Protein chains: 4
Amino acid sequence: MRPESSPSGRKRNPIIEEARRRQIVDAAIETVAEVGYAQASLARIAQRAQTSKSVVSYHFAGKDELLEQVVTQIYADSWAFIEPRLAAQSSAAGKLAAYIESNIAYMHARRAHLLAVVAVVGNHRSADGRLRFEPSADESVLTLLGEILRTGQRDGEFRDFDPRLVAVTVSQAIIGVLGAWVADPTVDPTSYAAELVTLFDRATRSQGD
Amino acid sequence: MRPESSPSGRKRNPIIEEARRRQIVDAAIETVAEVGYAQASLARIAQRAQTSKSVVSYHFAGKDELLEQVVTQIYADSWAFIEPRLAAQSSAAGKLAAYIESNIAYMHARRAHLLAVVAVVGNHRSADGRLRFEPSADESVLTLLGEILRTGQRDGEFRDFDPRLVAVTVSQAIIGVLGAWVADPTVDPTSYAAELVTLFDRATRSQGD
Amino acid sequence: MRPESSPSGRKRNPIIEEARRRQIVDAAIETVAEVGYAQASLARIAQRAQTSKSVVSYHFAGKDELLEQVVTQIYADSWAFIEPRLAAQSSAAGKLAAYIESNIAYMHARRAHLLAVVAVVGNHRSADGRLRFEPSADESVLTLLGEILRTGQRDGEFRDFDPRLVAVTVSQAIIGVLGAWVADPTVDPTSYAAELVTLFDRATRSQGD
Amino acid sequence: MRPESSPSGRKRNPIIEEARRRQIVDAAIETVAEVGYAQASLARIAQRAQTSKSVVSYHFAGKDELLEQVVTQIYADSWAFIEPRLAAQSSAAGKLAAYIESNIAYMHARRAHLLAVVAVVGNHRSADGRLRFEPSADESVLTLLGEILRTGQRDGEFRDFDPRLVAVTVSQAIIGVLGAWVADPTVDPTSYAAELVTLFDRATRSQGD
DNA sequence: AATGAATGAGAATTCATTCAT
DNA sequence: GATGAATGAATTCTCATTCAT
């Protein structure tokens, strides 16, 4: 439950404290990316962070909190990258394209982040045995995509389809492209992203366009 | 999801031996589906198979071989279901639709198989730390889809696109639909499958059609 | 949870199994007696039993079950010693004296048992933080003593007093004598037991006697 | 429960220093009372004292010194309560009754103190593994009781018995009454104390009385 | 063919203590 | 005088595997 239980507020020395936490979270990301979820022990994470298990335990309530931070941090980072690129587009089709391309671009530059989120989100469970995070694509992402798609339909940009299905499909397609690149580094995610944009453009735009 | 034969595995008393192995593999599938890859210990699997750990160890060289059998068996089963449905179609578009629909239909009827393959394929690693199976969509599936798509392009059914990208996207879309259903059982995979067929039809067919 | 989870009944090889469990319980008794409850780790117990921690974990579901066995076994052993001595007496006063003397005699011959029960009963707690056993003197003992005392009152052997208070006092007096002996080995529990019998005889017998 | 003065403990800034120490000792008492000796960690004690572990470590040489203070302080407090009540009695029988009643009255009003002393005295050990305090009833108490009893015997108030045995028995009886109350709060320690006085009166007074 | 017993490695976590500031 | 950060030892427990029978 966080270092000590100081009577007053939350953090005590935000400067050092937060730096250390970040360093450990980064080590956790790299470790999970490299050896996978099941093999990512606190010992290994600590080793990569160049500390001992107890330091990790000091800064995080437990493995659970650490792994949650991994996901939370990656979600926040990626959203900070994607959001302005979305905002720069006015049409629904433009936003959809920006979403696909910025997502792929972000992860293309951060291979470990990609592997870590996928691994943690797909495996991390609470004590009751249920997955702690939404499987594969998180709910808020689907909501966001759903809104873009629905807006496009209302404005006549897109044809009639089930927005949730297409949202799921877009999400998975992005992961697919990234997965193909991870499995075979000669794959170019950028050009695949462009192909994906074309593909979904055809799949979604209304007849007349 | 994978065209290949099931065999391998040296036998001792083919008759009883194989029954026992099957029973244990089934228990492994259910266990992984229920508690996830990381929590699926031999003890838990043995418990569900109503035996003891040593029996499991006796019939399989180790946990590795057992989990490989899990994937191998599910690939074989699903291929036995899908293959005839593919063969019944003559056009590339028909084959593509049959692929999508039969894949989803198979897993729709076998939730545990779906969860188990995804979990094992995404997590199981050899001693050197590399994934034992191709991540998310295995190579032979992509090869098969790729051939269908290329044939369709050659025959003018499909427009010009990167067959590998579309193969990856189709594969992932199927997983996406199934994932949506697992997360929310009110989702109807059959109608989603139909939507997916439409979506990819639009995305792939050549201009004039 | 016991070794494995064989499909059939409880124990598998009662002969070896039970011997090993007994050996470990004995080691636990000696360890707790020697180093106290808080310092009695599974490692230390295993060491004294000339095995490894994992053997202990194999035969007992956990430290909890082991320590419960410690208490259960000592209660059973001591009762087997005391019961016939109680039965040999017909009067309530005789039974009371026999109870005091046989209790002290039993523990006098088994110093480690005495120290272990006291330590475990006074310290062992369940996850919710409550003591697992009745504190200091267990309920069934008080019930038994209470019945003897009440019988004596009904038959006119004993004066009028609160049977529960006297039961508690007798119980504690026995522990006191044994504690005095443990702290100072020159104390003779046998003669103290005799003194105690006299003391409670005077304290309980009805006026006229 | 123990005639002795509280002092010791080197001071730095007597005024604030001593207040802080007292506060921490109180927190230790409550913690031990609530969770037991083995679970009373410095972290938990600090938490209840609304500070951090390092503050505790700063004010006390270590956990050992803190727990010793717990016992010392309770002994001093209880003696301050009991002593005047003893002094008010002139006869040995009166002093014995006053001892029993004031002891029970003190602890009746301070449940946490009772639980804490019993727990610490029965468990706390020095590095060599020996109990730091005399087990269950400490020596000075027995000496005091012994003197009362011997005086009573010399003056003809009490019959002939081993004063040490009776001292031990009285001590344990008091703990027994308090233990019964702790286990079952409906028990009334005051009336049990009165019963105890009667019981020991009968058990100790000389024949003719 | 089958299995109960054993085992050592490694898991997460808690602990009392120290130290630089 | 006070404390946040760090740390290494030790805790219980689970694991996959091996072996004698």
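From a predicted model like this one, the values you see are computed outputs, not experimental measurements. Below, chain A is the first sequence line, B the second, and so on; all start at residue 1.
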Between [X] ([atom1]) and [N] ([atom2]), how many Å, whole number?
{"X": "Glu65(B)", "N": "dT17(F)", "atom1": "CD", "atom2": "C1'", "value": "14 Å"}
{"X": "Gln47(B)", "N": "dG4(E)", "atom1": "CD", "atom2": "C1'", "value": "17 Å"}
{"X": "Leu42(C)", "N": "dC13(F)", "atom1": "CG", "atom2": "P", "value": "6 Å"}
{"X": "Leu66(A)", "N": "dT13(E)", "atom1": "CG", "atom2": "C1'", "value": "14 Å"}
{"X": "Arg125(A)", "N": "dA12(E)", "atom1": "CZ", "atom2": "P", "value": "17 Å"}
{"X": "Lys53(C)", "N": "dG10(E)", "atom1": "NZ", "atom2": "P", "value": "12 Å"}
{"X": "Gln50(B)", "N": "dA2(E)", "atom1": "CD", "atom2": "C1'", "value": "17 Å"}
{"X": "Phe60(B)", "N": "dA2(E)", "atom1": "CZ", "atom2": "P", "value": "13 Å"}

On the nucleotide [N], are OP1 or OP2 found under 4.0 Å from the side-chain N or O atoms that [X] carries?
{"X": "His59(D)", "N": "dA2(F)", "answer": "yes"}
{"X": "Tyr58(C)", "N": "dT7(E)", "answer": "no"}
{"X": "Ser57(C)", "N": "dC13(F)", "answer": "no"}

> Between Gln39(D) and Arg44(A), which has a closest nucleotide on DNA chain E that is more 5'?
Replying inline: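 The residue closer to the strand's 5' end, by nearest nucleotide, is Arg44(A).
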Rounded to the nearest 0.5 Å, what separates atom [atom1] in [X] from atom [atom2] in [Y]?
{"X": "Thr31(D)", "Y": "Gln47(D)", "atom1": "OG1", "atom2": "CD", "value": "8.5 Å"}
{"X": "Ile29(A)", "Y": "Leu115(A)", "atom1": "CD1", "atom2": "CG", "value": "11.0 Å"}
{"X": "Glu34(C)", "Y": "Arg44(C)", "atom1": "CD", "atom2": "CZ", "value": "8.0 Å"}
{"X": "Tyr37(A)", "Y": "Arg125(A)", "atom1": "OH", "atom2": "CZ", "value": "8.5 Å"}

Has the side chain of Ser54(A) got a donor or acceptor that lies under 3.5 Å from a partner of the other kind on the base of dG8(F)? yes
Legend entry - Secondary-structure stems, DNA chain F, at least 3 Watson-Crick or G-U base pairs under 3.5 Å: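 So the stems come out as E:2-21 with F:2-21.
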* Asked: For the residue pair Ser57(B) and Leu42(B), what are the closest heavy atoms and their distance?
  ->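 Heavy atoms only, the tightest pair is OG-CD1, 4.3 Å.
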Closest non-hydrogen contact found for Ile45(B) with Ala40(B) is CD1-O, 4.2 Å
Does Ala112(D) offer a backbone N or O that forms a donor-acceptor pair with the side chain of Glu30(D) under 3.5 Å?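 Between the backbone of Ala112(D) and the side chain of Glu30(D) there is no qualifying donor-acceptor contact (under 3.5 Å).
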Whichever of Ala40(B) and Val56(A) has the more 5' nearest nucleotide on DNA chain F, that residue is Val56(A)
Relative to the 5' end of DNA chain F, which residue comes earlier, Ala38(B) or Thr51(A), by the nucleotide with the nearest heavy atom?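 Here Thr51(A) is the residue nearer the 5' end.
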List in chain and number order the residues that pass salt bridge (charged side-chain N to carboxylate O under 4.0 Å, His left out) with Arg22(B), two or more places apart in sequence or in another chain; answer none if no residue qualifies.
->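 Arg22(B): salt bridge (charged side-chain N to carboxylate O under 4.0 Å, His left out) contacts with Asp77(B).
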Classify [X] by what it touches in the nucleic acid, base, sugar-phosphate, or nothing, heavy-atom distance under 4.0 Å.
{"X": "Ser41(A)", "result": "sugar-phosphate"}
{"X": "Val55(A)", "result": "base"}
{"X": "Arg20(D)", "result": "sugar-phosphate"}

